[in-house]
2 protein chains.
Amino acid sequence: MQDRGVPHGGGLGAGGENLLYLTDAQLRKGIEAMFFAYRGFTADPDRILARHGYGRAHHRAVHFINRWPGTTVNNLLSILGVTKQSLNRVLRTLIDDGLVESRVGTRDKRERNLYLTADGAALERALSDAQRARMRAAYRQAGPEAVAGFREVLEAMMDPELRRQFEGAAETVE
Amino acid sequence: MQDRGVPHGGGLGAGGENLLYLTDAQLRKGIEAMFFAYRGFTADPDRILARHGYGRAHHRAVHFINRWPGTTVNNLLSILGVTKQSLNRVLRTLIDDGLVESRVGTRDKRERNLYLTADGAALERALSDAQRARMRAAYRQAGPEAVAGFREVLEAMMDPELRRQFEGAAETVE
DNA sequence: AGTTTATGTCAGCCTTGTTGACATTCCAAG
DNA sequence: CTTGGAATGTCAACAAGGCTGACATAAACT
């Protein structure tokens with residue numbers, strides 16, 4: 001009843017023993033690794049955010065505003081995949097607290113261009129420093145070849161539209 | 001001010017050009033890859049859960065009860081990292097809906113041993129089939145070497161206690 | 001002039017996390 | 001046997017952060 005994708009006996013011609021890693025047990029290990037690793041991945045920022053009275057939603061907003069200064073609300077909505085009401089609540093507190101500045105668009109005055117203030121940039125730096133430190137330690141421990149594989153699997157796991165946004169992000173900087 | 005971990009000019013003796021992947025930009029790419037990939041990772045189960053009126057908390061509970069049949073509430077608490085009140089609410093609905101069975105412990109009658117019913121196992125299978133399909137596709141696309149690297153980086157990113165639970169899970173099955 | 005688009009906002013609902021308080025059950029030490 | 005502590009369950013209250021729906025406003029487009 002349960003489709004295992006690849007028979008344990010192997011022998012699909014190309015690959016063979018290389019496909020051992022596609023057994024259910026191996027896939028489940030990958031699933032649990034994602035679960036536990038994501039917890040570690042967010043643990044340090046979560047602690048910093050808690051001290052400021054913020055949550056992950058604030059982190060995501062601050063991250064992507066820092067990433068693309070001057071981005072519009074609609075851009076942010078499509079990146080974050082939430083409703084405008086939900087984003088607006090988070091953005092409202094960040095603006096009121098003086099971490100984010102919202103300027104009326106020059107080309108199109110309906111749009112709001114979002115920027116981090118000095119305080120916002122400071123929080124962003126604290127958060128990303130912590131997260132990069134964790135990522136750097138993991139990268140160091142695993143080595144360059146592992147990192148390349150890590151990135152390949154993650155990219156393959158994204159939804160196609162999200163991958164496009166991710167790759168778009170890449171073009172902008174690299 | 002910002003510690004980049006490794007100077008761009010390289011020359012730290014061991015490594016050198018291999019450490020390019022530790023620049024801030026590369027680390028940030030890894031961070032965003034985690035963010036977008038986790039969205040993809042949870043997208044399929046989320047859709048299934050929504051049809052049943054459940055959320056991710058139910059998925060996690062069902063997953064780990066399936067993983068360790070007869071586990072106690074306390075075990076589950078430490079794996080999931082939530083409060084007993086929060087878990088209890090989720091568990092309550094799963095038990096009331098007939099997906100989970102809670103048997104009084106034999107050795108220690110204060111404990112409750114948790115098991116999936118036939119319905120619970122069916123939901124678990126639907127969820128994990130979807131998630132495994134996504135993982136399998138990503139693994140196939142990336143190849144075995146990439147998968148090994150993926151797992152290495154993820155394990156290095158976990159908190160030590162979580163890694164112990166993850167490795168414990170490995171022993172149980174493999 | 002009328003329509004569409006971008007944004008903001010209000011109200012209400014849900015899930016899932018939290019803390020605190022308290023009851024029950026039962027093992028184990030005195 | 002009694003008492004202390006551990007494991008569990010439950011009630012209440014609260015908050016973050018998702019969601020939908022409705023509505024307002026201003027600007028741009030046609």
Task: Ion pair check, B/Arg103 and B/Glu101, cut-off under 4.0 Å - done: yes
Task: Nucleotide of C/dG8, D/dT8, D/dG17 approaching A/Ser86 most closely (side-chain heavy atoms) - done: D/dG17
Open item on the list: Can you measure B/His52 atom NE2 to C/dT15 atom P for me and round it to whole angstrom units?
Closed with: 15 Å
Task: Among C/dT7, D/dG9, D/dA28, the one nearest A/Val73 by side-chain distance - done: C/dT7
Open item on the list: If you define the side chain from C-beta out and look only at heavy atoms, does anything of B/Phe41 sit under 4.5 Å from B/Phe36?
Closed with: no
Open item on the list: Taking 4.0 Å as the cut-off, does a side-chain nitrogen or oxygen of A/Arg56 come that near to OP1 or OP2 on D/dG17?
Closed with: no
- [ ] Using only heavy-atom distances, decide whether a donor-acceptor pair under 3.5 angstrom links the side-chain of A/Gln85 to the base of D/dG21.
- [x] yes
Open item on the list: In whole Å, I'd like the distance from the CZ atom of A/Arg112 to the C1' atom of C/dT7.
Closed with: 6 Å
Open item on the list: How many whole angstroms separate atom NE2 of A/His59 from atom P of D/dG18?
Closed with: 13 Å
Open item on the list: Rounded to whole Å, please give me the gap between CG in B/Asp46 and C1' in D/dC19.
Closed with: 13 Å
Open item on the list: Output the rounded distance in Å from CG (A/Leu77) to C1' (D/dG17).
Closed with: 14 Å
Open item on the list: Tell me whether the side-chain N/O atoms of A/Asn74 come closer than 4.0 Å to OP1 or OP2 in C/dT7.
Closed with: yes
TODO: Compare the minimum distances between each of D/dG18, C/dG8, C/dA6 and the side chain of A/Arg60, then state the nucleotide with the smallest one.
DONE: D/dG18
Open item on the list: Strictly below 4.0 Å: does A/His58 bring a side-chain N or O up to OP1 or OP2 of D/dG17?
Closed with: yes
Open item on the list: Taking A/Asp96 first and then A/Arg92, would you say they form a salt bridge - that is, a charged N and a carboxylate O separated by under 4.0 Å?
Closed with: yes
Task: Residues from residues 88-95 of chain A lying under 4.0 Å of DNA chain C - heavy atoms - done: A/Asn88, A/Arg92
Open item on the list: If I take atom CG in residue B/Leu87 and atom P in nucleotide C/dT18, what distance separates them, rounded to the nearest angstrom?
Closed with: 10 Å
Task: Comparing B/Val104 and B/Gly81 on DNA chain C - which has the more 5′ nearest nucleotide - done: B/Gly81
TODO: May I ask you to establish whether B/Lys29 and B/Tyr21 are in a cation-pi arrangement, using a distance under 6.0 Å from NZ or CZ to the six-membered ring centre and at most 45° from the ring axis?
DONE: no
Open item on the list: Can you see if the side chain of A/Thr83 gets near the phosphate of D/dC19 - specifically, an N or O under 4.0 Å from OP1 or OP2?
Closed with: yes
- [ ] May I ask you to decide whether B/Arg134 forms a salt bridge with A/Asp159, counting only side-chain N to carboxylate O separations under 4.0 Å?
- [x] yes
Task: Ring geometry between A/Tyr38 and B/Tyr38 (parallel below 30°, tilted from 30 to 60°, perpendicular above 60°) - done: parallel
Task: Earlier contact from the 5' end, DNA chain D, for A/Asp108 and A/Tyr54 - done: A/Tyr54
- [ ] Identify whether A/Leu116 and A/Ile95 are in the same connected component of the hydrophobic contact network (ILVMFWY, side-chain heavy atoms under 4.5 Å).
- [x] yes
Open item on the list: For A/Ile31 versus B/His63, what's the shortest heavy-atom pair and its separation?
Closed with: CG2-CE1, 4.5 Å
TODO: Can you tell me the distance, in whole Å, between the CG atom of B/Leu114 and the P atom of D/dA7?
DONE: 15 Å
Task: Between C/dT7 (P) and A/Leu80 (CG): distance, integer Å - done: 13 Å
Open item on the list: Among C/dT9, C/dC27, D/dG17, which nucleotide has an atom closest to any side-chain atom of A/Lys84?
Closed with: C/dT9
TODO: Identify which nucleotide among D/dA28, C/dC26, D/dA7 has an atom closest to any side-chain atom of B/Lys109, counting heavy atoms from C-beta outward.
DONE: C/dC26
Open item on the list: Nearest to the side chain of B/Arg110, heavy atoms from C-beta on, is which of C/dG17, C/dT25, C/dA6?
Closed with: C/dT25
